[in-house]
Amino acid sequence: MDDDLEIKGPGYDPIADEFATYEDYLDSQINGTDVYYLEDVELARQLVELGIRGNGEVIRREEFEQRKEASEQARQARLNKKPKKLASQGKHVEEFPLLQALKDREEAVRNGKLTTIVFIRDKNSKGQEVSGYIDYGHRLKTENCEPYFDRKKRLMPRPSDLSFYNWETQMSTSNPTPNFQVIADNEAGLLFKNKRDRKVINVDPTAKPGDNSTRTELETSEYAQVVVYDHVTRRRS
């Protein structure tokens with residue numbers, strides 16, 4: 001039932017959507033009597049294409065191909081409008097504060113109403129203390145985050161994130177993302193500028209996070225420290 005609704009949505013073409021090839025379309029105009037007397041399917045197709053046989057007016061091959069292309073474009077447009085399944089959909093993570101916080105924000109982050117930076121400090125698989133700032137929206141776009149919500153993988157900072165620091169090796173990295181620019185050389189310390197509205201997020205716990213931004217420290221036993229910075233981007237009306 002759902003498939004029928006999808007096929008007969010906006011842009012539905014009864015000819016282009018029903019027949020995979022032009023030959024299939026021509027064959028639909030041929031009956032058993034035609035094949036019996038002509039004894040040649042190709043000849044029967046040619047007669048249909050010329051309008052000598054068939055049921056009514058027959059469209060040309062060029063028009064059929066154009067309609068097929070338009071139908072495919074309409075189908076892709078319908079698919080693109082469908083809401084994508086959330087990585088956290090159906091996941092029960094109420095007992096895990098960070099995962100619950102990410103679940104609560106996922107839809108808003110995906111649709112661009114919210115940008116979120118997650119600060120995590122904990123020990124990596126080698127027992128080294130690491131910390132970093134993660135652009136949640138960038139992670140959602142560049143990797144499959146469902147294993148995090150299934151607790152098959154553990155969300156941890158990486159050298160490719162907005163900011164990363166290994167306290168044992170003293171390795172430090174910073175990287176811009178499609179959402180944020182990193183401002184590291186500043187008297188105020190580490191800052192992140194939102195690329196959409198140019199507002200700055202200050203991650204200094206003793207300072208205000210900035211316009212349209214909030215700072216939320218999570219109480220969790222899974223990590224040494226987790227802080228979530230949310231920034232609401234104002235859309236022009």
Side-chain angles (χ1 to χ4, degrees), residues 84-89 91 93 95-186 188-196 199-205 207 209-210 213-233:
K84 294 181 180 179
K85 179 185 175 183
L86 300 178
S88 60
Q89 186 174 327
K91 311 300 182 185
V93 292
E95 297 180 5
F96 309 100
L98 174 57
L99 295 180
Q100 184 62 52
L102 297 179
K103 180 178 180 178
D104 293 342
R105 291 160 171 79
E106 182 181 359
E107 185 172 6
V109 169
R110 282 189 185 276
N111 64 32
K113 293 180 180 178
L114 183 73
T115 51
T116 296
I117 296 173
V118 182
F119 171 79
I120 292 177
R121 180 172 61 85
D122 205 28
K123 290 186 177 181
N124 62 17
S125 58
K126 297 180 180 179
Q128 302 168 334
E129 183 175 341
V130 297
S131 61
Y133 292 87
I134 301 168
D135 179 351
Y136 181 35
H138 187 50
R139 283 284 192 105
L140 285 171
K141 285 187 176 181
T142 57
E143 72 171 298
N144 175 19
C145 290
E146 194 167 353
Y148 294 127
F149 294 102
D150 286 329
R151 301 189 68 241
K152 293 178 180 178
K153 287 175 64 178
R154 192 163 177 260
L155 183 64
M156 286 290 289
R158 298 171 180 165
S160 56
D161 282 317
L162 275 172
S163 179
F164 174 86
Y165 186 67
N166 185 312
W167 293 84
E168 184 171 317
T169 64
Q170 296 188 344
M171 183 181 100
S172 176
T173 63
S174 62
N175 307 279
T177 69
N179 300 312
F180 293 101
Q181 175 185 346
V182 182
I183 306 174
D185 299 326
N186 188 286
L190 189 62
L191 302 173
F192 299 105
K193 180 185 284 188
N194 186 283
K195 290 184 176 180
R196 176 176 293 183
K199 299 291 186 180
V200 172
I201 298 177
N202 190 337
V203 295
D204 183 345
S213 298
T214 59
R215 179 185 187 274
T216 306
E217 184 147 6
L218 302 180
E219 294 184 8
T220 174
S221 59
E222 293 185 280
Y223 298 91
Q225 186 180 14
V226 176
V227 183
V228 178
Y229 297 87
D230 294 314
H231 180 73
V232 178
T233 45

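- Of the inter-residue distances, the one linking Phe164 atom CZ with Ile120 atom CD1 reads 11.5 Å to the nearest 0.5 angstrom.
- Between the Arg196 side chain and the Gly112 main chain, a donor and an acceptor come within less than 3.5 Å of each other.
- Here the side chains of Val118 and Leu98 are in contact, with some heavy-atom distance below 4.5 Å.
- Contact check for Lys195 versus Pro178: no side-chain heavy atoms found under the 4.5 Å cut-off.
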Residue pair Met156, Val130: steps toward the side-chain contact (heavy atoms from CB on, under 4.5 Å) verdict: CA-CA 9 Å; Met156 286 290 289; Val130 297; 3.6 Å; yes
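- Among residues two or more places apart in sequence or in another chain, the salt bridge (Lys or Arg N to Asp or Glu O under 4.0 Å) test is passed with Glu143 by Arg139, Lys153, Arg158.
- Rounding to the nearest 0.5 Å places OG of Ser131 at 11.0 Å from CG of Asp161.
- Residues Asn166 and Gln170 have side chains that never bring a donor and an acceptor to within less than 3.5 angstrom of each other.
- The structure places CZ of Arg105 at 5.5 Å from OG1 of Thr216, a figure rounded to the nearest 0.5 Å.
- Taking the side chain as every heavy atom from C-beta outward, Arg215 and Pro205 approach each other to under 4.5 Å.
- Looking at Phe149 and Gln89, their side chains never come closer than 4.5 Å, going by heavy atoms from C-beta outward.
- Rounding to the nearest 0.5 Å gives a distance of 10.5 Å between CD of Gln181 and CG of Leu191.
- Between Thr214 and Val228, the closest side-chain pair of non-hydrogen atoms is not below 4.5 Å.
- Take Tyr133 and apply the ring-ring contact (aromatic ring centres under 6.0 Å, His included) test, not counting sequence neighbours, and it matches Phe119, Phe192.
- Within the 4.5 Å cutoff, side-chain heavy atoms of Thr116 are placed close to those of Asp230.
- His138 contributes atom NE2, which lies 14.0 Å from atom OG1 of Thr115 (distance to the nearest 0.5 angstrom).
- For the atom pair NZ of Lys199 and NZ of Lys193, the computed distance is 11.0 Å after rounding to the nearest 0.5 Å.
- A donor atom on one side chain and an acceptor atom on the other are found under 3.5 Å apart for Glu217 and Gln225.
- Residue Ala101 comes nearest to Leu218 through the heavy atom pair CB-CD1, 3.9 Å, listed as atom of the first residue, atom of the second, then distance.
- For Asn175 against Pro159, the heavy-atom pair with the smallest separation is ND2-O, 2.8 Å.
- Of all non-hydrogen atoms in Leu162 and Phe180, the two that sit nearest each other are CD2-CB, 3.8 Å.
- Few gaps surround CD on Glu222; more than 12 heavy atoms of other groups in view lie less than 6.0 Å from it.
- Taking the centre and axis of the six-membered ring of Tyr223, the NZ or CZ atom of Arg154 falls inside the cone set by 45° and 6.0 Å.
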Test side-chain contact (heavy atoms from CB on, under 4.5 Å) applied to Ser163 and Leu190, step by step: CA-CA 9 Å; Ser163 179; Leu190 189 62; 3.8 Å; yes
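- Within the 4.5 Å cutoff, the side chain of Arg121 has heavy atoms near those of the Glu129 side chain.
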Verdict with reasoning, Ile201 to Ile117, per side-chain contact (heavy atoms from CB on, under 4.5 Å): CA-CA 9 Å; Ile201 298 177; Ile117 296 173; 4.2 Å; yes
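- Side-chain atoms of Tyr165 do not come within 3.5 Å of backbone N or O of Thr173 as any donor-acceptor pair.
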Applying side-chain contact (heavy atoms from CB on, under 4.5 Å), run through Thr233 and Leu114 and close with a yes or a no. CA-CA 6 Å; Thr233 45; Leu114 183 73; over 6 Å; no
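- In terms of heavy-atom proximity, Asn202 sits nearest to Ala207 at ND2-CB, 3.7 Å.
- Under the salt bridge (Lys or Arg N to Asp or Glu O under 4.0 Å) criterion, Lys91 pairs with Glu146, Asp150, sequence neighbours left out.
- Side-chain contact between Ser213 and Tyr229 is absent, with no heavy-atom pair separated by less than 4.5 Å.
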